[in-house]
Number of protein chains: 2
Amino acid sequence: MDTQAAHEILTKHLKSNGKQRATPERFAILDAVLQSQGHFDVEALYYRLISNGVKVSKATVYNTLEVLQECGLVSKYRFAENTSRYEKAFGRPHHHHMICLNCGDIIEFTSDRLERIQEEMANSKGFEIQSTTIQIFGTCSKCRKKV
Amino acid sequence: MDTQAAHEILTKHLKSNGKQRATPERFAILDAVLQSQGHFDVEALYYRLISNGVKVSKATVYNTLEVLQECGLVSKYRFAENTSRYEKAFGRPHHHHMICLNCGDIIEFTSDRLERIQEEMANSKGFEIQSTTIQIFGTCSKCRKKV
DNA sequence: CTCGGTGCAAATGCTTTGCAATGTC
DNA sequence: GACATTGCAAAGCATTTGCACCGAG
């Protein structure tokens, strides 16, 4: 992905907020996020950072993920478990998830029609959408065959 | 609501599982759930039970809510916060939520079209739906007017 | 030089667990 | 009686917080 563009987004966001500072930790975490594939939790991201020799604390990872979320570079999800999961949102279309309750697999999908209907529903209630999440829980095709 | 019908569902579910027992605590918790309006968390439900003179432990509340979820009498949600929220699912149509990030208000809505498209999406992936959740985060009409 | 950010470790708060006592089947 | 369930308190975890130190602006 375009690392530079992502850095710029973060830089701009930090400046626009007036008092937020551009620290090396924040960019290091952003880089790690950009390199990630699929969903990850704080633990995994933290571990990857440490493994790569980046010296950060978990508190900073939490803090930074929140900042990255604010500027739309990462999305935060909460599936069935008690852990928050994240994924990079840069350069990716808005999508949703089918979560297999048997094997834990997550299948992503997009649907313009779903987006459109959601907008209609929101408009009809005078609600202004900031983000939407659709989660379909069930059994994936692989697991269905096994039974 | 039809308390008796709900009791029957629970009874049947417990029996069908072979080893689960029908304890007074479980029915007391079910009753408290049936009396609830809207969403609640474990804390609130527990407090209400205690206030009503029902002697249960929080552990049992957690346990029972899981059982009730299994037999479709309650739904569990996870919105933005770190607390699980529940609501009774008995005698209610399947619906979704718009969550106001400003005032925390939750607006419920239903949409046959959304349900249908979700089914189509799942079918096309060979995915078997067990439950679905749609959450629209944003700003409600009341809060929009205030700004 | 200021004040926001970081690291660490302790604290918090929801949820789960271990185990003896209880009561359903 | 056997054993699932309960209550209690302790343990687990993910996440947050307090505070001294550091370093971006």
Side-chain angles (χ1 to χ4, degrees), chain A residues 7-8 10-32 39-71 74 76-87, chain B residues 7 10-32 39-50 52-71 74-86:
Chain A
H7 278 219
E8 268 172 42
L10 175 53
T11 306
K12 194 170 295 182
H13 174 77
L14 294 171
K15 270 189 192 151
S16 76
N17 260 29
K19 310 193 170 184
Q20 302 206 68
R21 290 177 183 169
T23 64
E25 286 85 357
R26 285 178 171 166
F27 287 100
I29 293 170
L30 171 55
D31 287 341
H39 305 83
F40 57 88
D41 56 18
V42 169
E43 194 60 34
L45 185 64
Y46 174 70
Y47 181 74
R48 193 139 44 79
L49 281 159
I50 296 296
S51 302
N52 290 347
V54 180
K55 218 178 146 296
V56 275
S57 69
K58 231 177 244 179
T60 300
V61 175
Y62 276 105
N63 167 5
T64 302
L65 281 174
E66 179 136 355
V67 173
L68 294 180
Q69 214 193 143
E70 282 165 17
C71 52
V74 313
K76 182 178 183 178
Y77 296 101
R78 207 125 202 187
F79 297 122
E81 339 97 334
N82 23 255
T83 337
S84 292
R85 304 193 73 77
Y86 301 82
E87 73 178 340
Chain B
H7 278 218
L10 175 53
T11 306
K12 194 168 295 181
H13 173 78
L14 293 171
K15 269 189 192 153
S16 75
N17 261 29
K19 311 192 169 185
Q20 302 206 67
R21 291 177 180 168
T23 64
E25 286 85 358
R26 285 177 172 168
F27 287 100
I29 292 169
L30 171 55
D31 287 340
H39 305 84
F40 57 88
D41 56 18
V42 168
E43 194 60 36
L45 184 65
Y46 174 70
Y47 181 74
R48 193 138 45 79
L49 282 159
I50 296 296
N52 289 348
V54 180
K55 215 176 148 297
V56 274
S57 69
K58 231 177 246 180
T60 301
V61 174
Y62 276 104
N63 167 5
T64 302
L65 280 174
E66 180 139 352
V67 174
L68 295 180
Q69 213 193 144
E70 282 165 17
C71 52
V74 312
S75 307
K76 182 178 182 177
Y77 296 101
R78 208 126 202 186
F79 297 122
E81 339 97 333
N82 21 256
T83 335
S84 293
R85 305 194 73 77
Y86 301 81

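All chains are named by letter (A, B, ...) in the order of the sequence lines, taking the proteins before the strands, and each is independently numbered beginning at 1.
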Exercise for the section: Spell out, as yes or no, whether a donor-acceptor pair under 3.5 Å connects the side chain of B:R78 to the backbone of A:E81. Expected result: yes
Exercise for the section: Find which nucleotide of DNA chain C each of B:Q20 and B:K76 is nearest to by heavy atoms, and output the residue with the more 5' nucleotide. Expected result: B:K76
Completion exercise
When every non-hydrogen atom of B:A28 is compared with those of B:L49, the smallest separation belongs to O-CD2, 3.8 Å
Exercise for the section: State, yes or no, whether a side-chain contact exists between B:D41 and B:S84 at a heavy-atom distance under 4.5 Å. Expected result: no
Exercise for the section: Would you mind checking if B:E66 and B:K76 are paired as a salt bridge, meaning a charged N to carboxylate O distance below 4.0 Å? Expected result: no
Practice task
Give the rounded distance in Å between these two atoms: NZ of A:K58 and C1' of C:dC8.
Solution key: 12 Å
Handout entry: B:K15 NZ to C:dC25 P, straight-line distance once rounded to whole Å
Key = 9 Å
Exercise for the section: Mind listing the closest non-hydrogen atom pair of A:L14 and A:A22 along with its distance? Expected result: CD1-CA, 3.8 Å
Exercise for the section: Scan A:D41 against the nucleic acid and name what it touches under 4.0 Å (heavy atoms): base, sugar-phosphate only, or nothing. Expected result: nothing
Problem - Along DNA chain D (nearest heavy atom to each residue), the more 5'-positioned of A:A59 and A:P24 - result: A:A59
Problem - Rounded distance in Å - CD (B:E81) to C1' (D:dA14) - result: 15 Å
Handout entry: Any B:V67 side-chain heavy atom under 4.5 Å of B:R26 side chain
Key = yes
Handout entry: Rounded distance in Å - CZ (A:R21) to P (D:dG23)
Key = 12 Å
Practice task
When you get a sec, tell me which of C:dC14, D:dG25, C:dT6 is the closest nucleotide to the side chain of B:T83?
Solution key: C:dC14
Exercise for the section: May I ask you to verify if any side-chain N or O of B:K55 is less than 4.0 angstrom from the OP1 or OP2 atom of D:dC8? Expected result: yes
Completion exercise
Judged by nearest nucleotide, the residue sitting upstream toward the 5' end of DNA chain C, B:R85 or A:T60, is A:T60
Exercise for the section: Determine whether the aromatic ring centres of B:F27 and B:H7 lie less than 6.0 Å apart. Expected result: yes
Exercise for the section: May I ask you to say whether A:K55 pairs ionically with A:E25, meaning some side-chain N is under 4.0 Å from a carboxylate O? Expected result: no
Practice task
State, with a plain yes or no, whether a side-chain heavy atom of A:V74 is found less than 4.5 Å away from one of A:E87.
Solution key: no
Problem - Rounded interatomic separation in angstrom, taking CZ from B:F27 and P from D:dT6 - result: 11 Å
Practice task
Round to the nearest Å and state the distance from A:K19 atom NZ to C:dT2 atom P.
Solution key: 15 Å
Handout entry: Side-chain N or O of B:S84 closer than 4.0 Å to phosphate OP1/OP2 of C:dC14
Key = no
Handout entry: Side-chain N,O (B:Y62) to OP1/OP2 (C:dT16) below 4.0 Å
Key = no
Table of protein N/O atoms under 3.5 Å from nucleotides 10-13 of chain D N/O atoms:
none

Practice task
Specify the separation, in whole Å, of atom CD of B:E25 and atom P of C:dG23.
Solution key: 9 Å
Handout entry: Between D:dA14 (C1') and A:Y46 (OH): distance, integer Å
Key = 14 Å
Exercise for the section: Report yes if the side chains of A:L45 and A:L65 come closer than 4.5 Å at any heavy-atom pair, otherwise no. Expected result: yes
Handout entry: Residue-phosphate contact under 4.0 Å: A:T23 side-chain N/O, C:dT6 OP1/OP2
Key = yes
Exercise for the section: Enter the inter-axis angle for the ends of the helix from C:dC1-D:dG25 to C:dC25-D:dG1 (five pairs per end, rounded to 10°). Expected result: 40°
Practice task
Would you indicate what B:E43 reaches in the nucleic acid, counting non-hydrogen atoms under 4.0 angstrom: base, sugar-phosphate, or nothing?
Solution key: nothing
